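I have placed the structure first, in the form of structure tokens, so that the comments after it can refer back to it.
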Protein chains: 2
Amino acid sequence: MENRIKKYKSLKIKLTPQRLAILNYLEGNKMHPSVEQIFKYVSRRFPSMSYATVYNVLNTLVKHNVVKEISIDPDKKRFDPYMSTHHHLVCIKCRKIIDLDMDFSIGVPEDKLAGFTMMGNHIEFYGVCAQCRGKDKD
Amino acid sequence: MENRIKKYKSLKIKLTPQRLAILNYLEGNKMHPSVEQIFKYVSRRFPSMSYATVYNVLNTLVKHNVVKEISIDPDKKRFDPYMSTHHHLVCIKCRKIIDLDMDFSIGVPEDKLAGFTMMGNHIEFYGVCAQCRGKDKD
DNA sequence: TTTCCATTTTATAAATATTATAATCTAATA
DNA sequence: TATTAGATTATAATATTTATAAAATGGAAA
């Protein structure tokens, strides 16, 4: 069996061609693509692909902890196949999202938590990326 | 002139009744309300209020730094009138957003930034709120 | 005060994003 | 091979947001 398929055998879901194509597109993808981007790419190989399938597959993958849905873009959902703990640098000019591969353990004093059980954190750092900085020197 | 109005005089925008009603609803509001919630509340007093007006007013207020748009809810935009630096505790059960009034200065090593100019950060802490914890003891 | 006009509100349509439904198809297995 | 559970598809429906243009109005200026 192909490596590309074997890799996902541990998932307890049917490995349909559509799902494999989406998994393949997401594998190692650092673009935090939207549903539209995923649809446009994958439908080149699968002209019959519908948006519903992309939504279905993504929801399934989120449920099985293969990708994360991220809520940084206020206009649409974006997806991230990189499941290790990491954070994001968000450019306020071009809206690009860059992975920051670090793990911060941030202590919050009990009295600030008001009974909230802390399970993790995600930091959105905002600023200007190198490319945008280069463009508009003033 | 009423206090409620005088307070916003420094804003260089027309203080229409609709805008004052929205400002008034948002003042001190810790609910991080959605457009729908704002519309439903304010249209009780202003039955002629339209969604377009709520969107217009909110966009104006964001532009004038009176409220912040927050992208935590993946389904819709939410608005926060609390403009001081703070972070959020997000309940993964009920999706409630609780303010965390702290200021973390988080150092990121130069080599991880790749030319990104850091301007600030926002931390989303996720976990389970006191109420939800109380409900489903297992 | 009254007039005037830029701005705002409103109704409405349109665009975009997402979910729901049901028919069809596919693949595993009995 | 027949059965069937699950997946895909076309399509409709819903939800969110933006765009447009006409009507209304706040507030400066006469």
Side-chain angles (χ1 to χ4, degrees), chain A residues 1-2 5 8-25 32-64 66-67 69-79 95, chain B residues 1-2 4-25 32-64 66-79 95:
Chain A
M1 187 191 292
E2 278 185 84
I5 297 177
Y8 297 114
K9 263 294 177 183
S10 60
L11 282 174
K12 290 281 176 291
I13 58 173
K14 279 189 191 169
L15 293 175
T16 64
Q18 292 87 340
R19 284 175 172 176
L20 282 168
I22 290 174
L23 281 165
N24 219 49
Y25 174 66
H32 313 88
S34 63
V35 169
E36 187 190 11
Q37 288 175 296
I38 295 166
F39 173 80
K40 281 191 174 153
Y41 182 87
V42 178
S43 61
R44 275 195 260 157
R45 261 134 250 229
F46 287 83
S48 72
M49 175 77 61
S50 77
Y51 268 98
T53 297
V54 178
Y55 278 102
N56 286 340
V57 170
L58 287 169
N59 289 337
T60 301
L61 296 179
V62 167
K63 210 178 302 171
H64 285 77
V66 182
V67 303
E69 183 186 309
I70 52 184
S71 307
I72 287 179
D73 187 330
D75 295 330
K76 55 175 82 76
K77 292 171 180 173
R78 302 255 215 135
F79 294 85
R95 290 273 113 198
Chain B
M1 186 188 295
E2 277 184 83
R4 187 168 80 250
I5 296 179
K6 199 189 291 179
K7 193 181 331 180
Y8 298 115
K9 263 293 178 184
S10 60
L11 281 175
K12 291 280 174 293
I13 57 172
K14 280 187 191 173
L15 293 176
T16 64
Q18 293 86 341
R19 282 175 173 175
L20 282 168
I22 291 174
L23 280 165
N24 219 50
Y25 173 66
H32 313 88
S34 64
V35 169
E36 188 190 11
Q37 287 174 295
I38 296 166
F39 172 80
K40 282 190 173 152
Y41 182 87
V42 179
S43 60
R44 274 195 261 159
R45 262 132 248 235
F46 287 84
S48 71
M49 176 76 62
S50 76
Y51 268 98
T53 298
V54 179
Y55 277 103
N56 287 341
V57 171
L58 287 170
N59 289 337
T60 301
L61 297 180
V62 167
K63 210 179 305 173
H64 285 76
V66 182
V67 303
K68 261 201 281 235
E69 182 185 309
I70 52 184
S71 308
I72 286 180
D73 187 330
D75 295 330
K76 54 177 85 74
K77 292 172 181 171
R78 303 255 214 136
F79 294 86
R95 288 273 113 198

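Just so we're on the same page: letters track the sequence lines, and every chain starts at 1. Atoms considered below: every heavy atom in the structure, side chains included; atoms not considered: hydrogens, waters and symmetry mates. Everything numeric here is computed off the predicted structure, so don't read it as measured data.
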Tell me every residue that passes side-chain hydrogen bond (donor to acceptor under 3.5 Å, both in side chains) with A/K40, counting only those two or more places apart in sequence or in another chain. A/E36
Please report the distance, rounded to the nearest Å, between [atom1] in [X] and [atom2] in [N].
| X | N | atom1 | atom2 | value |
| --- | --- | --- | --- | --- |
| B/L20 | D/dG26 | CG | P | 11 Å |
| B/K63 | C/dT7 | NZ | P | 12 Å |
| A/F39 | D/dT9 | CZ | C1' | 11 Å |
| A/I13 | D/dA5 | CD1 | C1' | 15 Å |
| B/I38 | D/dT17 | CD1 | P | 11 Å |
| A/L11 | D/dA7 | CG | C1' | 15 Å |
| B/R78 | D/dT16 | CZ | P | 11 Å |

Atom of [X], atom of [Y] and distance for their closest heavy-atom approach:
| X | Y | result |
| --- | --- | --- |
| A/R78 | A/S34 | CD-N, 4.2 Å |
| A/S50 | A/F39 | C-CE1, 3.7 Å |
| A/A21 | A/V42 | CB-CG1, 3.7 Å |
| B/Q37 | B/P33 | OE1-CA, 3.2 Å |

Taking A/Y55's backbone N and O only, do any of them form a donor-acceptor pair with A/N59's side chain (distance below 3.5 Å, no angle check)? yes
Protein proximity profile, nucleotides 9-21 of chain C - base contact B, sugar-phosphate-only contact S, no contact -, cut-off 4.0 Å on heavy atoms: BBB-----SBBB-
